[in-house]
Amino acid sequence: MIPTQLIDILREASHVAVLTGAGVSAESGIPTFRDALTGLWANYRPEELATEAGFRRDPELVWNWYRMRRQAIAATEPNAGHLALARLGGLVTTTLITQNVDGLHARAGSPDPIELHGNITRVKCADCGIPVDPAPDQERVPRCSGCGGLIRPDVVWFGELLPAGALERARAAALDCDLFLSVGTSNLVEPAASLPWMAGRRGTPVIVINTSDEGQRTGPSIRHLIGPSATLLPALIGAAWPAARGGLPG
Ligand code: BV8
Ligand code: ZN
């Protein structure tokens, strides 16, 4: 049951900023980042593999971790949560910011998701940066045809800067929005993790949608909706715009 007050806040908003984390893709069958280390990679911590140093230390291991994840993602579909957020964009000005690298928001129809951590389907030369499209699906780490450098996933690794402009756009939205939805993220990874609280500190209502409130901040403008995003997002958006309910999944 969604509190009427939250439904009213959403309906009356003029600019909604949304930050999503791996929890939004969990119901599409994509393991969250910490769960993504299984099989060959089970003995590693994400912070070891999702780094430039980790890649240079064992390019083949890291290249194939991403290749396995790319294959897994290609076999999935956006879920009702992704589709509801795409529908939201047609009902109110929405800035969709994602930490996810799976590309599911764009596949769900969100026109211009801000991909703070890049996109796993794209690869580029680790030395000269030129993109290679499509990503070669091979075990051996491909080499750049221009400079001979190793090809790597076009994602932001720990210790790397976020794409120029993406973080600025996300921060501007956090400061301009009159409602911030934080969905499916443990808010552990900076600088993305601070975005909801940039809005909350200004007194902007922040609604945290997560299966758990563990580790989530509390505060006067922060409200929690505990449950799966693929259920709660269509329910919240459908309740705010009943006429749109027909177009909402789930
Ligand atoms: C940078 C791409 C600066 C790669 C990713 C010490 C303190 C503070 C910060 C730092 C520090 N030491 C280092 C840092 C900075 C570091 C950082 O934050 N580290 C953390 C670990 C402490 N950050 C960086 O390095 C960033 N860059 O700071 O550069 C700089 C300055 C100068 C010069 C150079 C650099 C770059 C960070 C980007 C890292 N790349 N991804 C890849 O994917 O392989 S981050 C990766 O992990 C994901 O993108 C995601 O953002 C993050 C967390 O993943 P998960 O845990 O899986 O997901 P999430 O956290 O979202 O948790 C899942 C949630 O969903 C849970 O809450 C769960 O309850 C919920 N859930 C589950 N199911 C559902 C659900 N909710 C709803 N419905 C469900 N069904
Ligand atoms: Zn190159």
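None of these values were measured; they are calculated from a predicted model. Position 1 is the first residue of the sequence; numbering continues from there. Ligands are counted one by one from 1 in listed order, and the atoms in each one are counted from 1 as well.
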Run the numbers for me: atoms of ligand 1, each under 4.0 Å from some heavy atom of T32, listed by number.
57 (O), 63 (C)
Any ion pair linking R56 and D127 (charged N to carboxylate O, less than 4.0 Å)?
yes
min-distance protein heavy atom vs atom 58 (O) of ligand 1 -> A22 CB, 3.3 Å
Part of A26 within contact of ligand 1 (heavy atoms, under 4.0 Å)
side chain
Take the angle between the ring planes of F55 and W157 and call it parallel below 30°, perpendicular above 60°, tilted in between.
tilted
Carboxylate-amine/guanidinium proximity below 4.0 Å for D133 and R122
no
Quick test: of every protein heavy atom, which one is nearest to atom 22 (C) of ligand 1, and how far off is it to 0.1 Å?
L188 O, 3.9 Å
Is ligand 1 less than 4.0 angstrom away from at least one heavy atom of R69?
yes
Which heavy atom of the protein is the closest neighbour of atom 26 (C) of ligand 1, given with residue, atom name and distance?
E190 O, 3.3 Å
Interfacing atoms of ligand 1 (cut-off 4.0 Å, heavy-atom, Y66)
4 (C), 42 (C), 44 (O)
Closest approach of any protein heavy atom to atom 68 (C) of ligand 1, naming residue and atom
N210 OD1, 3.5 Å
Should one rank L167, N100, V156 by closest heavy-atom distance to atom 4 (C) of ligand 1, which comes out on top?
V156
Row for the Zn ion (ligand 2): angle SG (C125) to SG (C128), 10° precision, value 110°
Closest protein heavy atom to atom 37 (C) of ligand 1, given as residue, atom name and distance to 0.1 Å:
V189 CG1, 3.5 Å
Between R169 and D112, does any NZ, NE, NH1 or NH2 come within less than 4.0 Å of an OD or OE carboxylate oxygen?
yes
Can you tell whether the side chains of R152 and E52 come within less than 4.0 Å, N to carboxylate O?
yes
